Amino acid sequence: MAEEKHIKLKGINPIDFFGFQDNNLSILEEALSIQISGRGNELIMRGEPVKLEKAERVVNELLFMINKNGPLSAADIETVTRFPGVDEKSSKTDHLKDVILYTKSSYIKPKNKSQENYFKATRDNDIVVSIGPAGTGKTYLAVAVAIAQLKEREVNRIILCRPAVEAGESLGFLPGDLQEKVDPYLRPLYDALYEMVPPDKLQRQLERRVIEIVPLAYMRGRTLNSSFVILDEAQNTTASQMKMFLTRLGANSKAIITGDITQIDLPSGVESGLVQIQSILTGIDGIEFVYFSKKDVVRHRLVMEIISAYEKFDKE
């Protein structure tokens, strides 16, 4: 009996897979003896279960090829569909099922259960609040999800922001133009982007404001439609700043808020907006809180030991 399977084309322009006038899909249909159609950034395949299993392995391999070499050609499809490994139940590309984003040299996917829950939360909710220690991948995965959704045309732009606490948000008193003023506070976001987007393409997107990196103070008064918005280091937002940020979201927009409530740099007596929203927004449909612990650290092994040492010191 024929079955139907849907595969989302993660982090690529669907045209690169479908080909001109869906020519690649026609070639795949003939090679795999199933029916294939495209809808948005999704493949819809119909056929016998065994053939669909093989088709899924072929699609995973082709997605990997697109992100390494660019748009598919008929020769690419012929090479992959004839590759002996795709007939085996355990394909070398089975581990690519949960990939968030392909980069030029590799791919990004969840590394542990907490990251898997985080990624699932970003798919199922419009606002995700991620809280946990440094090194758990909160910001890195948020940027990967944002870029993937931009490539899949689910959003039209990405906006990344951070509070510039060290400057008291009074950036006008610092020397240099706006870029020179804010770069030191936003540099970690640039670092993540440069790992995921080719430098020349990223530069064009920054110039066209398809991707914006701005201090939190510069978000005031804006309405953000069809945008993916990330607020990083949110533990250093005040309650009023957090409310301002949350009320910027417009139609068809998503937001991820990340922070570590053990590293608050606000003046004494000023409540963190990230701490406050845990009691205000919990239980609202479409908003999910995801928590990481030191066990979820994915940086150097010593980072986990350092966090544990500081926790012990603080208790003493």
Side-chain angles (χ1 to χ4, degrees), residues 9-17 40-41 66-71 100-108 122 126 138-167 169-234 237 241 244-245 247-258:
L9 303 181
K10 301 175 183 176
I12 70 165
N13 185 337
I15 296 174
D16 291 345
F17 191 100
N41 66 335
I66 287 175
N67 283 276
K68 286 182 70 68
N69 307 319
I100 299 171
L101 177 72
Y102 290 93
T103 65
K104 195 67 177 175
S105 59
S106 187
Y107 53 85
I108 298 167
T122 65
D126 286 339
K138 303 183 302 297
T139 302
Y140 192 77
L141 285 186
V143 174
V145 170
I147 293 173
Q149 293 207 6
L150 180 67
K151 293 179 76 171
E152 293 161 13
R153 300 184 177 181
E154 293 187 13
V155 295
N156 295 331
R157 58 179 171 168
I158 298 171
I159 299 169
L160 306 98
C161 63
R162 269 187 163 199
V165 171
E166 297 87 344
E169 295 279 11
S170 301
L171 297 171
F173 292 100
L174 297 178
D177 60 21
L178 176 61
Q179 201 65 41
E180 292 170 331
K181 294 175 196 287
V182 303
D183 265 1
Y185 308 102
L186 305 176
R187 180 50 52 188
L189 298 175
Y190 281 103
D191 291 343
L193 285 169
Y194 275 112
E195 283 193 38
M196 302 177 198
V197 184
D200 55 339
K201 183 176 182 180
L202 177 58
Q203 190 58 42
R204 291 194 301 271
Q205 290 176 323
L206 289 169
E207 290 172 356
R208 291 161 41 213
R209 295 188 177 274
V210 174
I211 298 178
E212 289 186 63
I213 306 178
V214 297
L216 178 59
Y218 288 78
M219 297 287 284
R220 194 172 299 278
R222 301 181 65 178
T223 300
L224 307 174
N225 295 318
S226 299
S227 302
F228 199 112
V229 194
I230 298 173
L231 172 57
D232 192 35
E233 296 290 333
T237 61
Q241 287 174 329
M244 178 272 291
F245 172 81
T247 54
R248 299 307 93 202
L249 285 188
N252 192 39
S253 288
K254 287 197 168 192
I256 296 181
I257 298 167
T258 73

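Note that this is a predicted model, so its numbers are computed, not measured. Residue numbers start at 1 and run along the sequence shown.
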Starting from the C-alpha separation in whole Å, work towards a yes-or-no answer on side-chain contact (heavy atoms from CB on, under 4.5 Å) for Tyr190 and Leu206. CA-CA 10 Å; Tyr190 281 103; Leu206 289 169; 4.0 Å; yes
Find the distance between CG (Leu160) and CD1 (Ile213) and round it off to the nearest 0.5 Å. 5.5 Å
Taking C-beta and beyond as the side chain, do Arg157 and Leu224 meet within less than 4.5 Å on heavy atoms? yes
Using the side-chain contact (heavy atoms from CB on, under 4.5 Å) definition, which of the options Asn156, Val197, Ile211 pairs with Leu150? Ile211
At what distance, to the nearest 0.5 angstrom, does CD1 of Ile147 lie from CD of Glu152? 11.5 Å
Is there side-chain contact between Ile159 and Met219, with heavy atoms separated by less than 4.5 Å? yes
Compare all side-chain heavy atoms of Gln205 with those of Ile158 and state whether any distance is below 4.5 angstrom. no
Which atoms form the tightest heavy-atom contact between Pro163 and Asp232, and what is the distance? CD-O, 3.2 Å
Report the C-alpha distance between Cys161 and Phe245 in whole Å, list the side-chain angles of each, state the deciding distance to 0.1 Å, and finish with yes or no for side-chain contact (heavy atoms from CB on, under 4.5 Å). CA-CA 10 Å; Cys161 63; Phe245 172 81; 3.8 Å; yes
Surrounding CZ of Arg222 (heavy atoms of other residues, nucleotides or ligands, distance under 6.0 Å), is the total greater than 12? yes
Which value, rounded to the nearest 0.5 Å, describes the distance between Ile230 atom CD1 and Ile256 atom CD1? 5.5 Å
If only atom types and distance count, is the side chain of Arg248 paired as donor or acceptor with the main-chain N or O of Met244 below 3.5 Å? yes
Would Leu202 and Tyr194 satisfy side-chain contact (heavy atoms from CB on, under 4.5 Å), going step by step from the backbone distance to the final call? CA-CA 7 Å; Leu202 177 58; Tyr194 275 112; 3.5 Å; yes
Closest non-hydrogen atom pair, Ala142 against Phe228: O-CE2, 4.2 Å
Between the main-chain N or O of Thr139 and the side-chain N or O of Thr258, is there a donor-acceptor pair closer than 3.5 Å? no
Approximate separation, where rounding is to 0.5 Å, of Lys254 NZ and Ser226 OG: 12.5 Å
Kindly give the heavy-atom pair with the smallest separation between Ala251 and Asn225, and that separation in Å. N-OD1, 2.9 Å
NZ/NE/NH1/NH2 to OD/OE distance under 4.0 Å, Glu233 and Lys138: no
Separation of Leu231 CG from Gln241 CD (nearest 0.5 Å): 9.0 Å
With a 4.0 Å cut-off on N to O distance, would you call Glu207 and Arg204 a salt bridge? no
Which atom of Gly250 lies closest to which atom of Thr223, heavy atoms considered: CA-CG2, 4.4 Å
Under 3.5 Å: donor-acceptor pair, side chain of Asn41, backbone of Pro14: no
Can you find a pair of side-chain heavy atoms, one from Ile108 and one from Met196, that are under 4.5 Å apart? yes
Euclidean distance, Leu193 CG relative to Gln203 CD, rounded to 0.5 Å: 11.5 Å
